Amino acid sequence: MIFLAEPNLTGNERKYLNECIDTTFVSSVGAFVTKLEQEVADVVEAKYATAVSSGTAGLHMALRAGGVERGDLVCIPSFTFIATANAVAHCGAEPWLIDVSEISWTMDPFVLEKELEEKTYEKNGQWYHKETGKRVAAIMPVYTLGLPAMMDRLREIGEKYQLPLIADGAAAIGAQYNGGNIGSIADATVFSFNGNKTITCGGGGAIVSNNKELIERARHLATTARCGIDYEHDMVGYNNRMTNLQAAVGCAQLERVYEFVDKKRRIRDYYNSQLKDIEEVSLFPDADWAKSACWFSGVVLGRRYKVKEICTALKEKDIEARTFWKPVHLQKPYKHAQRSNMPVSERIWEEILTLPSSTGITDEELAYVVTTLKNILKG
Ligand SMILES: Cc1ncc(COP(=O)(O)O)c(C=O)c1O
């Protein structure tokens, strides 16, 4: 089977894991955790980082550290993995779902601004939702498939409404924004190191920021809000720190981050070049403001195709391919969430076909995927 996103563990992963076992440092304290934090910060050019047990935990801790409280609203795109919304809900807050832009599949700043303009009022420098009286507390853009959102415009809106930008960059390590790095284009940015991500720790995540206090608050919350080494805690904290075992794998992976991201981009280029001329097939978005980390590549299929049927046909030929995120406003737990109109999210999600994008995929396998898909589409 040619898998969609198979972890590439052919570097120093085993060696570093053995070091953890030999030293007995396997838990949430250890040299690899500190090393991983420094390396993630360096790779994305942020000043500070803290490593956590998952991307979801990272989003949760970053929102809390960024000031989100029970009963607040947080603006997120509806077209995202459900973890973005769940992290908001874990804070006791509610997502305010915003449609994405046609050109990037990231939060549409025009729609966001219109929603805020029409549906909020200001009191003492804070904005409240007119209908529910809930405070709006943050904007959480998602870097869809590794492509940074339109951060300049979102930053302007954030400044106007006094809202921090906490970015869900789960799959975006290695992405670029306006020719620079992505570590400081939001107040905090969260990465996932889940098994299907470009860099994996098995499970894990990291929060980066140039704001030292924010990172310290997030780390404190994720470490049971413990004060010192004795059993003294000053808040209701969480056990959300990354373990040394996870970090050992992550450190080995980070040694190859540029190689992996480069390979991801070559996979995207190959699929694009081979599939662009097929009738009723279009490509994943690209943007002139950013360079995607190309987490997953694939194509958008016209209405005459059923993506699920194409996936089944590919599976019969030993190729794993999948549909993509069902928007959050169509998910049971968030059916009643505040939201904008959703023409783009509702159109695109049923048309996306993600194709094998593992960093270990060979040229022969890529060619086989393309030939097989072309034959299936021909019918
Ligand atoms: C956009 C987005 N946000 C959050 C997450 C959650 O990350 P994790 O699985 O590490 O909790 C993911 C994971 O796939 C994701 O794609």
Side-chain angles (χ1 to χ4, degrees), residues 3-7 36 40 49-64 74-91 95 97-98 100 104-107 138-149 151 165-175 182 186 188-208 218 222 238-243 245-247 249-250 253-254 264 284-285 290 292-298 322-329 331 333-334 345 348-349 352 354 357-358:
F3 291 107
L4 196 62
E6 190 173 28
L36 180 128
V40 171
T50 192
V52 286
S53 54
S54 70
T56 310
L59 294 170
H60 179 194
M61 298 298 95
L63 286 168
R64 286 286 308 271
V74 176
C75 300
I76 69 167
S78 188
F79 185 63
T80 183
F81 183 53
I82 199 160
T84 319
N86 289 346
V88 174
H90 294 330
C91 297
L97 305 170
I98 307 294
V100 292
S104 63
W105 298 350
T106 60
M107 184 189 279
I139 301 171
M140 181 169 263
V142 176
Y143 300 169
T144 312
L145 293 159
L147 182 69
M151 297 302 281
L165 297 187
I166 312 283
D168 179 346
I173 196 161
I182 58 166
T189 305
V190 178
F191 300 102
S192 161
F193 303 129
N194 188 18
N196 65 4
K197 296 296 182 297
T198 306
I199 294 296
T200 186
C201 296
I207 310 165
V208 303
Y238 301 84
N239 184 8
N240 276 345
R241 285 284 276 161
M242 181 181 276
T243 67
L245 287 170
Q246 290 169 304
V249 175
Q253 293 270 292
L254 284 166
K264 289 275 190 186
F284 282 6
S292 175
C294 298
W295 170 39
F296 279 159
S297 292
R322 291 212 11 216
T323 56
F324 202 46
W325 299 327
K326 180 175 178 176
V328 174
H329 70 281
Q331 304 278 2
Y334 299 106
S345 299
I348 59 176
W349 78 276
I352 296 171
T354 53
S357 305
S358 310

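Just the heavy atoms: all of them, side chains too, but no hydrogens, waters or symmetry mates, feed the values below. Just so we're clear, the structure is a prediction, and the values are computed from it rather than from any experiment. The chain is numbered in sequence order, starting from 1. Counting convention: from 1, in listed order, for ligands and their atoms alike.
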Close N or O approach ([X], ligand 1; < 3.5 Å):
| X | answer |
| --- | --- |
| S192 | yes |
| G55 | yes |
| D168 | yes |
| T56 | yes |
| K197 | yes |

Would you find a donor on one side and an acceptor on the other, under 3.5 Å apart, between the side chain of S78 and the backbone of L97?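 Not at all, since once roles are kept as given, no pair shorter than 3.5 Å links the two residues.
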
Within a strict 4.5 Å, meaning less than it, do heavy atoms of the [X] and [Y] side chains meet?
| X | Y | answer |
| --- | --- | --- |
| M61 | T50 | no |
| K264 | W295 | yes |
| N196 | L4 | no |

Determine the interplanar angle of the F296 and F324 rings, folded into 0 to 90°, and report it as parallel if under 30°, tilted if 30 to 60°, perpendicular if over 60°. perpendicular

Counting from 1 in the order shown, the ligand 1 atoms closer than 4.0 Å to a non-hydrogen atom of A83 are 4 (C), 5 (C), 6 (C)

With heavy atoms only and a cut-off of under 4.0 Å, state how W325 meets ligand 1: side chain, backbone, both or neither. side chain

